[in-house]
Amino acid sequence: MESREQWGTRAGFILAAVGSAVGLGNIWRFPYVAYDNGGGAFFIPYLFALLTAGIPLLIMEFTMGHKYRGSAPLSYARMNKKTEWIGWWQVSIAFVISTYYSVIIAWAMAYTYFAVGLQWGEDTGGFLMGEYLQRVDIVNKAAVGSIGSIVPGVFIPLVVVWVIALGVLFKGVKKGIERANRIFIPTLLIMFLMIVIRALTLEGATLGLEALFKPNWSKIASPGVWVAAYGQIFFSLSIAFAIMITYSSYLPRKSDINNNAFITAFSNSGVELLAGFGVFSALGFMAAQANVPIEEVATAGIGLAFVVFPEILNSFPGLNGLFGVLFFGSLVFAGLSSLISIVETFIAGVQDKFKLSRTKAVIIGGGLSALISILFATQGGLFFLDAVDYFINTFGVALAGLVSVVTVAWVVKNLKTFQDHANVISDLRTGLWWRICLSVVTPAVLGYMFVLNLIDNLKNNYEGYPTAFLIYSGWGVAIVTIIVGFILASLKWGAKVLDLAAYSEDKTS
């Protein structure tokens, strides 16, 4: 019987799971989503979504990985051979995400350097799009979809990002991922706490916090607000792209699955709340300095991190360079911990299916992802990144989550089996609510989200991009991940890999 690597400690697993969940979206997405969907009132649907979808799905994925002792494809195959394609679909989604997520970390790494001396100047938007990214439509007057040349300022830090990530993954689960997260997560929290404490002392901070937390009760009746809450929970917890199944497969036999899920979920939400304090305190300061309403400066995503925050730093009172290094450095650490978990999913899948050594799996899986990521380090890379990110999340991650939960709850009918497995080894036992959430509430909400998004995207091109561009960089990418899932699932496993005896006993690292 072959051995499977294991986490050294329970804390190591939780730090790794939290490190995967806590990513760039916590810092630049959650504060704006909360603000835009009712402020303080948003926390009611947010908490409801956490308890009815986030934690139940985490428990399901933790249980699946722990019970079947394998990567996502192997776990699905051991559950039912006909469902293996779902595991490979999720792994394919993770692979696509890794190719562009690494590039955003590279931007953050470059901006950590630019923060020293505020090298972005007064026109932060012009610096990002023109001088730094050398966007193809600005520099070459070329159309969307043109690739252009490689941008050295993006490519060089991208190489550094991949050297760090693959270096950690070469070391394995216990000596690599666990040890790295013991450094990354505490460092991230210390850096971000320093940012929040300083931001709270800024003139205008209360203006920003009032905008974020003042409840707009009229919005709570809107279905869109509830969909936004479920969407935020779903995307921020690393659910449905193979990560949590893979990570939990490295847990020792006697592991408290249910408590681990609660700790991971609430830790993630705690970081999101902390980000809300820091981001909106800073936005309140900016609004006060410019003497404009908060809605004129409130934004999310790339614009918040690489345009608005540099603007804030330009007028920051004292040590603005240090504050900038802390902010962009925290983005780097948050991104690296997530990237490592994303890449581990397909490394584990390749290892399990093709019986490769970890070294070979990292070289093949990680190396291929690193090679493809160069596309996003070109002058046209931003447009490709934007389209791929939107479609792989909207019609990849969300749809894969819907399919996986419907398959487990209604097709294979394994919820009771999973619940019994988790309850036997957990101090906190789940009851009927857990099965109802996963069999009724979560499929209904995810199904509603999918239909709304599908109708919207069939009516209007995302960001007004050309249809031809969206077909191959958006819709095409999302569809290819499903096709790859079926192709890889059609390949045969090694002898006895799927047998119960292959994973029914404890395995040590």
Step by step, work out the side-chain hydrogen bond (donor to acceptor under 3.5 Å, both in side chains) result for Ser98 and Ser369.
CA-CA 7 Å; Ser98 71; Ser369 177; 2.6 Å; yes
If you take all heavy atoms of [X] and [Y], which pair is closest and at what distance?
{"X": "Arg69", "Y": "Leu251", "value": "NH2-O, 2.6 Å"}
{"X": "Tyr472", "Y": "Ala468", "value": "CD2-O, 3.0 Å"}
{"X": "Phe43", "Y": "Leu273", "value": "CE2-CD1, 3.8 Å"}
{"X": "Thr112", "Y": "Gly329", "value": "OG1-N, 3.5 Å"}
{"X": "Leu432", "Y": "Gln419", "value": "N-NE2, 4.4 Å"}
{"X": "Ser404", "Y": "Gln90", "value": "CB-NE2, 3.8 Å"}

Heavy atoms from other residues, nucleotides or ligands near CH2 of Trp433 exceed 12 (cutoff 6.0 Å):
yes
Roughly how far apart are [X] [atom1] and [Y] [atom2], rounded to 0.5 Å?
{"X": "Ile164", "Y": "Phe184", "atom1": "CD1", "atom2": "CZ", "result": "6.5 Å"}
{"X": "Leu15", "Y": "Ile263", "atom1": "CG", "atom2": "CD1", "result": "10.5 Å"}
{"X": "Leu24", "Y": "Ile105", "atom1": "CG", "atom2": "CD1", "result": "6.0 Å"}
{"X": "Met109", "Y": "Phe328", "atom1": "CE", "atom2": "CZ", "result": "13.5 Å"}
{"X": "Arg358", "Y": "Ile347", "atom1": "CZ", "atom2": "CD1", "result": "6.0 Å"}
{"X": "Phe95", "Y": "Thr345", "atom1": "CZ", "atom2": "OG1", "result": "10.0 Å"}

Minimum side-chain heavy-atom gap [X]-[Y] below 4.5 Å:
{"X": "Leu491", "Y": "Phe354", "value": "yes"}
{"X": "Leu304", "Y": "Tyr32", "value": "no"}
{"X": "Pro73", "Y": "Leu488", "value": "no"}
{"X": "Tyr462", "Y": "Asn457", "value": "yes"}
{"X": "Trp85", "Y": "Ile482", "value": "yes"}
{"X": "Met449", "Y": "Leu446", "value": "yes"}
{"X": "Phe192", "Y": "Val271", "value": "no"}
{"X": "Thr99", "Y": "Phe384", "value": "no"}

Does the ring of Trp493 carry Lys353 above it, NZ/CZ under 6.0 angstrom from centre and within 45° of its axis?
yes
Could you tell me whether [X] and [Y] have their ring centroids closer than 6.0 angstrom?
{"X": "Phe469", "Y": "Phe383", "answer": "no"}
{"X": "Tyr111", "Y": "Phe306", "answer": "yes"}
{"X": "Tyr390", "Y": "Tyr465", "answer": "no"}
{"X": "Tyr247", "Y": "Trp7", "answer": "yes"}
{"X": "Trp226", "Y": "Phe48", "answer": "yes"}

Please list every donor-acceptor pair under 3.5 Å in which a side-chain atom of residues 233-240 meets a protein atom from a residue at least two apart or in another chain.
unit_1, atom_1, unit_2, atom_2, d
Ser236, OG, Gln232, O, 2.9
Ser236, OG, Asn268, ND2, 3.2
Ser236, OG, Glu272, OE2, 3.3
Ser238, OG, Ser20, O, 3.0
Ser238, OG, Ser20, OG, 3.0

Criterion side-chain hydrogen bond (donor to acceptor under 3.5 Å, both in side chains) on Thr394 and Asn453, from CA distance to verdict:
CA-CA 7 Å; Thr394 307; Asn453 286 324; 5.1 Å; no
Test side-chain contact (heavy atoms from CB on, under 4.5 Å) on Ser71 and Gln351; report intermediate values, then the result.
CA-CA 9 Å; Ser71 59; Gln351 270 191 288; over 6 Å; no
Does a side chain donor of either Tyr230 or Thr442 reach within less than 3.5 Å of an acceptor in the other side chain?
no
Regarding Ser426 and Asn259, is there a side-chain donor-to-acceptor distance under 3.5 Å anywhere?
no
Starting from the C-alpha separation in whole Å, work towards a yes-or-no answer on side-chain contact (heavy atoms from CB on, under 4.5 Å) for Val343 and Phe346.
CA-CA 6 Å; Val343 179; Phe346 46 89; 3.7 Å; yes
Determine, stepwise, if the pair Ile147 / Leu375 fulfils side-chain contact (heavy atoms from CB on, under 4.5 Å).
CA-CA 8 Å; Ile147 295 173; Leu375 168 67; 4.1 Å; yes
Taking only Lys NZ, Arg NE, NH1 and NH2, and the carboxylate oxygens of Asp or Glu, determine whether Glu178 and Lys171 approach each other closer than 4.0 Å.
no
Do Lys67 and Asp420 sit within salt-bridge range, that is, some charged N less than 4.0 Å from a carboxylate O?
no
Working for ring pair (Phe, Tyr, Trp, His ring centres under 6.0 Å), residues Tyr76 and Trp88
CA-CA 9 Å; Tyr76 274 100; Trp88 283 115; over 10 Å; no
Show your reasoning for whether side-chain hydrogen bond (donor to acceptor under 3.5 Å, both in side chains) applies to Asn37 and Tyr46.
CA-CA 10 Å; Asn37 288 279; Tyr46 177 84; over 6 Å; no
